[in-house]
**Q** 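One structure, pasted below without further comment.
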Protein chains: 2
Amino acid sequence: MDIFARPIAIRRTQAERSALSDVRMVDAAIGLMASRGISGMTLKEVGELAGYSRAMAGWRFGTKANLCAFIIRTVGDEWLRALNEAVRNKHGLAAIHAATDAHSRFVHDGAERIRVFYMLWFHSTGPDPELKQVIVKVHERRQRDVEAWIEQGISAGAVREDAEVKTVAAQFCATIIGIVYQWLVEPTAQHQIHDLHQGLKQQMSRALARDITDAKRPQQEQE
Amino acid sequence: MDIFARPIAIRRTQAERSALSDVRMVDAAIGLMASRGISGMTLKEVGELAGYSRAMAGWRFGTKANLCAFIIRTVGDEWLRALNEAVRNKHGLAAIHAATDAHSRFVHDGAERIRVFYMLWFHSTGPDPELKQVIVKVHERRQRDVEAWIEQGISAGAVREDAEVKTVAAQFCATIIGIVYQWLVEPTAQHQIHDLHQGLKQQMSRALARDITDAKRPQQEQE
DNA sequence: ATCGTCTTTCTTGTTGCGAACAAGTAAATA
DNA sequence: TATTTACTTGTTCGCAACAAGAAAGACGAT
């Protein structure tokens, strides 16, 4: 009977315990940053909101920067996985269009996680090497993905051979970041964000399409 | 003789005193942020580095956020003035190309002030309304300038009439921001930054040029 | 299974630093 | 000289960061 009297203090393995506290604290931190900004998120509150003590977050992650890095890695992975899912089996312009549409959709849905992910992304512009390392990794991987799509498109004959792969990929990534910035600053202008994504697709078409006619077709694939 | 014994405690008007301390503190703050990042800049050090006491910066600006806002306004104005100088008397594509080249040049020169300005720019992505207000203003003004260039180009007959002014201007601004982000994260890759600017010019040509031949000419105006 | 020991997870206690404000001093204005 | 404006010293509060202790899982021995 005291089996029932005891609250739901389920017995968990240690690995389960840390995993659980990790996700609880990440969720808490994301919630706090989404509502109060990055500087408004405090390790103390993260611990307490996650159902632990003051110092829990500090103890697990050491420093606030470490927690942020962990969040970037975590959400960044989810994010890359979702994007790759959307692009599955496509290559060349089709892949880029699919990725852009997926990006537009995700951003439109406006999940807290993504918003905070990009907030952190933009916060790592200082000379502090800590966060930057992580960001640069995610960033490089993104750009490599885009380059791969273009190269696959070239070898499949769907993209013009003389396309400057690295430059175009860099432009794509830069524009995506610019669009995200707009979104973060003015989350209400969903229409504009959508237009910017469409414009990006068009721009990539003009840069990569084999012939003029391909590039001219604006291709409103989404919605 | 004690006129000479006394250090250079020149008699200044009160307006001069505040103006002087303002520029000293802004310089100090920019220096600190450039070397240690935004969170590494402390009001205490700003005051002392500027030659005053601990609390000087806090007293003058009230809060750290206010100091940052002040810096954004100050440098933002310098920046807009320099850009407008570079574009003087141009319109349409020529103006946009000139602005892009100027931007590329400024960023290449890599003045501390600009770097910090953009660091602050990217830091204001949270839900904190304080800094965001200022940024949004600078941002809107920028976009209006670009729209004006395009419209002038249209009425002068140099830009196609069916150009979607607002959308293209927004794309231009977004891409600039994306490029700046790249620069902040990887300041070493100057070559890439230059390429991105050139690519942006080409992209704008394709979007705005009256006929295809105009758009095809890559126009390496810079350097 | 049950006990005792070791390890990992988490908590309470403390320190130091910076932001923010309050109350005082010095310099300029009139 | 009186008043306003520019600046300084003194203090409080909150957070990050660490240290030392408590509780909960792991694991071998009986």
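Quick note on labels: first sequence line is chain A, next is B, and so on, each numbered from 1. A quick note: this is a predicted structure, and the numbers were derived from the prediction, not measured.
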**Q** Using a heavy-atom cut-off of under 4.0 Å over every strand shown, decide if G62(B) touches base, sugar-phosphate, or nothing.
**A** sugar-phosphate

**Q** Nearest to the side chain of R11(B), heavy atoms from C-beta on, is which of dT11(C), dA28(C), dT8(D)?
**A** dA28(C)

**Q** Between dC15(D) atom C1' and M56(A) atom CE, what is the distance in whole Å?
**A** 19 Å

**Q** Measure from the side-chain heavy atoms of T63(B) and tell me the nearest of dC18(D), dA20(C), dT8(D).
**A** dA20(C)

**Q** Specify the separation, in whole Å, of atom CG of N66(A) and atom C1' of dA16(D).
**A** 12 Å

**Q** Centres of the F70(B) and F61(B) rings: under 6.0 Å?
**A** yes

**Q** If you assign each of W59(B) and S39(A) to its closest nucleotide in DNA chain D, which residue comes earlier from the 5' end?
**A** W59(B)

**Q** Taking 4.0 angstrom as the limit, do E112(A) and R115(A) come out as a salt bridge?
**A** no

**Q** Of the nucleotides dC15(D), dT8(C), dC7(D), which one has an atom closest to the side chain of Q14(A)?
**A** dT8(C)

**Q** For I30(B), run the side chain to side chain contact (heavy atoms under 4.5 Å, CB included) check against T74(B), L120(B), V46(B), V116(B) and tell me which one passes.
**A** V116(B)

**Q** Any side-chain to backbone donor/acceptor pair from K132(A) onto G126(A)? Under 3.5 Å, distance only.
**A** yes

**Q** Nearest nucleotide by nearest heavy atom, which residue falls closer to the 5' end of DNA chain C, R17(B) or M41(B)?
**A** M41(B)

**Q** According to a strict under-4.0 Å criterion, is T42(B) in side-chain N/O contact with OP1 or OP2 of dC17(C)?
**A** no

**Q** In whole Å, I'd like the distance from the CD atom of E16(A) to the C1' atom of dT8(C).
**A** 14 Å

**Q** I want to check one thing: is the phosphate of dT8(D), taken as OP1 and OP2, less than 4.0 Å away from some side-chain N or O of R54(B)?
**A** no

**Q** Taking the side chain of T13(A) as its heavy atoms from C-beta onward, which of dC15(D), dT8(D), dA26(D) lies nearest to it?
**A** dA26(D)

**Q** Nearest-Å distance, CD (E48(A)) to C1' (dT12(C))?
**A** 13 Å

**Q** Would you say R60(B) places a side-chain N or O within less than 4.0 Å of OP1 or OP2 belonging to dA6(D)?
**A** no

**Q** Report yes if a side-chain nitrogen or oxygen of S18(A) is closer than 4.0 Å to either non-bridging phosphate oxygen (OP1 or OP2) of dT9(C); otherwise report no.
**A** yes

**Q** For S21(A) and dC10(C), is the shortest distance between a side-chain N/O and OP1 or OP2 below 4.0 Å?
**A** yes

**Q** What about the rings of H103(A) and H197(A), do their centers lie closer together than 6.0 Å?
**A** yes

**Q** Round to the nearest Å and state the distance from K64(A) atom NZ to dC18(D) atom P.
**A** 15 Å

**Q** Rounded to the nearest angstrom, tell me the gap between atom OH in Y52(B) and atom C1' in dC7(D).
**A** 9 Å

**Q** Can you tell me how far C1' of dT11(C) sits from CG of L43(A), to the nearest Å?
**A** 15 Å

**Q** Round to the nearest Å and state the distance from K44(A) atom NZ to dG14(D) atom P.
**A** 8 Å

